[in-house]
Q: 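Quick one: the structure is below, and I'll ask about it shortly.
Numbers restart at 1 for each chain; the letters A, B, ... are given by sequence-line order, proteins then strands. Just the heavy atoms: all of them, side chains too, but no hydrogens, waters or symmetry mates, feed the values below.
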Number of protein chains: 2
Amino acid sequence: MGKMKITEGKNGKRIVEEPCEGPCPIERGMRIVGGKWTGSILWHLKDKPVRFNDLSRQLSGASKKMISQRLKEMEENKLVIRKVVSDQPVAITYEASEFGKTALKFLDELQLWVNENGL
Amino acid sequence: MGKMKITEGKNGKRIVEEPCEGPCPIERGMRIVGGKWTGSILWHLKDKPVRFNDLSRQLSGASKKMISQRLKEMEENKLVIRKVVSDQPVAITYEASEFGKTALKFLDELQLWVNENGL
DNA sequence: CAGAATCCAACCGGATACTG
DNA sequence: CAGTATCCGGTTGGATTCTG
C-alpha cells in the first residue's frame with residue numbers, strides 16, 4: 001500500500017496509518033475488472049471464443065455501445081483477445097486471455113458470494 | 001442466471017444461451033461492492049471500528065463527500081455499521097458488519113490477484 | 001468532529017441512425 | 001456482421017463553503 005506511517009498516541013498505543021493514495025490495490029483492481037459489465041463479459045468468454053453479436057444477445061441488458069467500449073478497454077488491459085476469424089463475411093471473436101482467466105478465480109468467488117447471500 | 005435457452009444448431013451441436021438480463025450475479029455483486037472506493041473502505045474497516053475522519057485520512061485519494069456517500073450506501077446494503085460513540089464531542093465509528101466481512105474473502109482474492117500481477 | 005449544501009464541469013450511457 | 005457516429009439528458013464527483 002502507501003508508505004506506512006507509525007506514530008505514537010498519547011496513551012502509548014501505536015497508531016499505524018497506511019494512507020491509501022494513488023489508489024490502493026483493491027481500488028486498482030476494481031478499476032480493471034470492476035467496470036460496468038466487465039466482469040460479466042469476461043465470464044461469458046471464459047471457456048470459448050464468442051462473437052460480438054452473440055455476446056450482445058447474451059448480455060441482453062447491455063447496449064452494443066457499452067459492450068464495444070468495454071471490449072476495447074479489456075483488450076487494452078490484456079484481459080481479452082480479439083481475433084478476426086474471417087473477412088467476407090466479417091467475423092470476429094473475443095476470448096479470455098490467459099491473464100483474463102486468472103481473474104476468473106476472483107469472479108467465481110464474487111458470484112459465489114452473491115448466490116450464498118441471495119443478492 | 002437468466003432463463004436458459006437450449007437450441008439445436010444445424011451442425012447438431014447444442015447451443016446453450018443464458019441471456020444476462022436484469023443483471024447477472026457478477027454484475028449484481030459488482031453493483032454492491034464495486035462502487036468507487038467501496039472495496040477499499042470495507043477493507044479499512046475489516047478489523048476495527050474506524051472514525052470518519054481517520055478513514056478520510058487513510059483514503060487520502062477520496063474526498064470526504066465520496067466517503068460519506070459510499071458509507072451511507074454501504075450502511076443501506078448492510079455492509080457496515082454506523083455507531084454513535086459519543087455526543088459532545090461528536091464521535092462516530094464505522095465497522096464492517098458480519099455480512100460485510102463475508103465480502104472480504106473475495107476482496108482478499110482481488111488484492112492477491114493485483115499483487116501477483118503487478119497491477 | 002462528522003458531515004450536509006451548493007455549484008458546476010466532466011463524464012456516462014442509452015437511443016438512434018449509419019457504415020463497410 | 002461488427003461495429004462507429006452523433007445527440008443528449010442524467011449522473012458523478014471534485015472544490016468549496018457552511019453547520020451543530
Q: Heavy atoms under 4.0 Å is the rule here; annotate nucleotides 8-13 of chain D 5' to 3' with B where the base is hit, S where only the sugar-phosphate is, and - elsewhere.
A: -----B
Q: Can you tell me if the side-chain N/O atoms of B:Ser68 get under 4.0 Å from OP1 or OP2 in C:dA4?
A: yes
Q: Walk me through it: do A:Trp113 and A:Phe106 pass the test ring-ring contact (aromatic ring centres under 6.0 Å, His included)?
A: CA-CA 10 Å; A:Trp113 180 73; A:Phe106 135 84; over 10 Å; no
Q: What integer distance in Å separates A:Ile67:CD1 from C:dG13:P?
A: 13 Å
Q: Strictly below 4.0 Å, N to O, side chains only: are B:Asp54 and B:Arg57 in salt-bridge contact?
A: yes
Q: Quick one, which residues of residues 85-94 of chain B touch DNA chain C with a heavy atom under 4.0 Å?
A: B:Val90, B:Ala91, B:Ile92, B:Tyr94
Q: Identify whether the distance between the nearest side-chain nitrogen and carboxylate oxygen of A:Glu27 and A:Arg31 falls below 4.0 Å.
A: yes
Q: A:Ser86 side chain to A:Pro89 main-chain N or O, any donor-acceptor pair under 3.5 Å?
A: yes
Q: Are the charged groups of A:Glu75 and A:Lys72 less than 4.0 angstrom apart, N to O?
A: no
Q: For a 4.5 angstrom cut-off between non-hydrogen side-chain atoms, does A:Lys64 reach A:Asn53?
A: yes
Q: So, does A:Ser97 use its side chain to make a donor-acceptor pair with the main chain of A:Leu79 at under 3.5 Å?
A: yes
Q: Would you tell me if any nitrogen or oxygen in the side chain of A:Arg51 comes within less than 4.0 Å of OP1 or OP2 on D:dC1?
A: no
Q: Donor-acceptor pair, B:Arg51 side chain versus B:Ala91 backbone, under 3.5 Å?
A: no
